[in-house]
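The analysis underlying the following values was restricted to heavy atoms, covering all of them including side chains, and did not include hydrogens, waters or symmetry mates. Chain naming here is simple, since letters A, B, ... match the order of the sequence lines and numbering starts at 1 in each.
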There are 2 protein chains.
Amino acid sequence: MKRTTLKDLARSLDLTEGTVSRALNGYADISPRTVDRVQQAAVKLGYKPNQNARLLATGGVAEAVAYVIPQNHSSLAEPFVAQLLRGLDDSLSRRGWDLLVSHSRSAEDEAEKISRLITSGRVSGVLLTRPFRNDARIKLLQEAKFPFVVHGRSAHCENYAWYDIDNELAIKTATLHLIEQGHSRIGFIGAPLYYNFAYQRLEGYKLALQESGIDYDETIVEITEMRDDAGESAAANQLDSDHPPTAFVCVSDTQALGVLAAVRTRGLTAGADVSVIGYDGLKIGRHANPPLTSMAQPQVQSGRELGDMLLAIIDGDDPTKHQVLKRAELLLRNTVGPVVKDRNYH
Amino acid sequence: MKRTTLKDLARSLDLTEGTVSRALNGYADISPRTVDRVQQAAVKLGYKPNQNARLLATGGVAEAVAYVIPQNHSSLAEPFVAQLLRGLDDSLSRRGWDLLVSHSRSAEDEAEKISRLITSGRVSGVLLTRPFRNDARIKLLQEAKFPFVVHGRSAHCENYAWYDIDNELAIKTATLHLIEQGHSRIGFIGAPLYYNFAYQRLEGYKLALQESGIDYDETIVEITEMRDDAGESAAANQLDSDHPPTAFVCVSDTQALGVLAAVRTRGLTAGADVSVIGYDGLKIGRHANPPLTSMAQPQVQSGRELGDMLLAIIDGDDPTKHQVLKRAELLLRNTVGPVVKDRNYH
DNA sequence: ATTGCGTCCGAAAGCGGTTTCGGGATAGCA
DNA sequence: TGCTATCCCGAAACCGCTTTCGGACGCAAT
């Protein structure tokens, strides 16, 4: 039960392979009558061109790109992924390209997967996310001269294409918002600093404090994994201390959700006793308790733009022409309120 | 700046293509010395085998499967997708296969995408989700004799592979749980009934009522889209009626979240004044207000099993041997409580 | 000096398409 | 009827790699 090939088709029609091929591909030098016969026969015999042969002959490239999903990606942040995916697909499918996703469980695993991807010839471009400050994957791709774009950027991002949110500005905005509400003791729930975005967000926090003449106090900055439980225990830590913060700025909604939990279990209410602001603008934040104020970035749109960028680069564009920096918007919900000075809940 | 081919390599080494090929592929009839030279040269010249040519020559198939993501998929239910994706990738990457995702915006679009997938030769299997009771996509795949498995099942599911949760049982369990708490006027927030799972879940609801001697009252069943806002307005409808339900069972967490919102805005509290139970066991339900009781199904695991099934079928297994029915677990959180008879909140 | 037997590599035939080139048949025109 | 222009199609090379087959060569055994 072999697939029917061009040769089969040709034989059954008493034509040559070349003729059949041209008929199928709409060449002008085939009589309409023949084209017809060929098409009929093609569907009848269930002919499906062998893609490998076709691409080999035409010298075509794989019409697909890969999205490599970061390793220990918080399961709560996954809406993020799904949205991006959709945007990407939007962009790619406009050209009929395919999207291939690849997970990985460790950094080495990821490097290995990437080199497999670039040598396999299965994709002609790669999309990276959540780069480290100093990212080996980027170096890999650069050395291989393989088309790629990164969602986010590493510390040295001059020579490749990226699409990022101004993390510094975003967190600075968030922090200033808190400060405007009278808060001055603002806890920071961060992520591991080898992530460049985490580093930048911490910088933004520091900047806001500095501009406002507030001293940076490292005892109220917590660096945790981007999970809700991590955020929760970090916040618990802070809230149970002698001199707890009156507000928290978090680098992810996931962590912020955890912070809210910690706040609740202590009989406090966010937005009144304690203010909390997250990052990502996840839709589910609307259903949090209370609805979570956050810094939002439109993911679907990001995916779309990232796809377009990647496509352009594959087409030969200079990657350095594609470096876009967006800004996040403050998404006001209910977890931020003016400071209460006389709080005393111990 | 062409890629270096086998021929280039061979010429540079003064060997024939055949020899170089065998050297690279570890044939035993090549002297170690030569193997060495070839490998050296290969990395020096940056040789990457052309995958199309290789597959053509070996008659190999595409080592990839596609996951087609349902059309108007609720953005809030997306954690669902991400989890499944991860499980799938787990299964596939064990064999070095790739995962290709494909979205679609309409039913026709989807059919078109599927037939493109099966003729393109880019994948050798397809995973479908959320089938309709009568699903054209399944027919398409069946007629094409293309390997596939579906997550869920259609009304007639005897002849293909599927992996599903016992929807009827799950919702019956949920409903009975509510009944045990004394509720007898239980609203149902359903999804469009052309989805088979939606149909089955409604059946489960009816079954539970019937077993408990409660009359089915169609004025308290609402069929809505699987979005939070849809759930919210449906619940609002019910709550504002003359004779409102004391509890709701929903076919998705997404809708349940909306129901909770409706409950809150009316000054009621779920778990006390009104009971609510969702479906999906989304992790974020933990952060809902209050934390959402739900019927849970492990998505990552599902993805893994689905991947294994698909692989097995591609390997030639009889699809009908792969039909697995799991059961959902009742995930107790805080939105269910005993009925309060004297409620009066108008 | 034959014969025999491994070892290692060259030659060549595909795999299933695409595309260029050229010529036979037919039609148009004188 | 003869000549050229046009229309269709056949022939064949090629894309880059795999794999079978056989032969050259070197060495030990006879």
**Item:** Heavy-atom side-chain contact between B:Val123 and B:Phe146 under 4.5 Å
**Value:** yes
**Fill in**
Note: for B:Ala53 and B:Thr34 on DNA chain C, the residue whose nearest nucleotide lies more 5' is B:Thr34
**Message:** For the helix from C:dA1-D:dT30 to C:dA30-D:dT1, what angle separates the axis at the start from the axis at the finish, each from five pairs, in steps of 10°?
**Reply:** 60°
**Asked** Any donor and acceptor pair, going by atom type alone, linking the side chain of B:Arg3 with main-chain N or O of B:Lys48 inside 3.5 Å?
**Response** yes
**Message:** Students often get this wrong, so: under 4.0 angstrom with heavy atoms, is B:Asp29 touching a base, only sugar-phosphate, or nothing?
**Reply:** base
**Asked** Under 4.5 Å between any side-chain heavy atoms of B:Asp29 and B:Arg22, yes or no?
**Response** yes
**Item:** B:Ala57 vs A:Ile30, nearer the 5' end of DNA chain D by closest nucleotide
**Value:** A:Ile30
**Sidechain N-carboxylate O distance under 4.0 Å for A:Asp89, B:Lys113** = yes
**Message:** If you define the side chain from C-beta out and look only at heavy atoms, does anything of A:Leu100 sit under 4.5 Å from A:Val65?
**Reply:** no
**Asked** So, are B:Asp109 and B:Arg116 salt-bridged, with charged N and O less than 4.0 Å apart?
**Response** no
**Asked** What class does the angle between the rings of A:Phe132 and A:Tyr195 fall in, given that below 30° is parallel, 30 to 60° is tilted and above 60° is perpendicular?
**Response** tilted
**First and last nucleotide of DNA chain D, 5' to 3', lying under 4.0 Å from heavy atoms of chain A** = D:dC8 to D:dG16
**Request:** Assign B:Asn25 to base, sugar-phosphate, or nothing according to its heavy-atom contacts below 4.0 angstrom with the strands shown.
**Result:** sugar-phosphate
**Message:** Let's go through A:Ile314 and A:Trp97 carefully: what are the C-alpha distance in whole Å and the side-chain angles of both, what is the deciding distance for side chain to side chain contact (heavy atoms under 4.5 Å, CB included) to 0.1 Å, and is it a yes or a no?
**Reply:** CA-CA 12 Å; A:Ile314 292 172; A:Trp97 281 44; 3.8 Å; yes
**Prompt:** Which nucleotide of DNA chain C is the first, and which the last, in the 5' to 3' direction, to come under 4.0 Å of a heavy atom belonging to chain B?
**Reply:** C:dC8 to C:dG16
**Prompt:** If you measure from the Lys or Arg side-chain nitrogens to the Asp or Glu carboxylate oxygens, is any gap between A:Arg95 and A:Glu63 under 4.0 Å?
**Reply:** no
Indicate every side-chain donor-acceptor pair of residues 34-44 of chain A with a distance under 3.5 Å to a residue at least two apart or in another chain.
from, atom 1, to, atom 2, distance (Å)
A:Thr34, OG1, A:Ser31, OG, 2.7
A:Arg37, NH2, A:Leu13, O, 2.9

**Request:** Can you tell me which residue pairs pass the salt bridge (charged side-chain N to carboxylate O under 4.0 Å, His left out) test with a partner in residues 4-16 of chain B, sequence neighbours excluded?
**Result:** B:Asp8-B:Arg11
**Item:** Salt bridge flag under 4.0 Å for residues A:Lys326 and A:Asp164
**Value:** no
**Item:** Residue-level proximity of residues 10-23 of chain B to DNA chain C when a heavy atom falls under 4.0 Å
**Value:** B:Asp14, B:Leu15, B:Thr16, B:Thr19, B:Arg22
**Message:** Is any side-chain heavy atom of B:Glu158 closer than 4.5 Å to one of B:His156?
**Reply:** yes
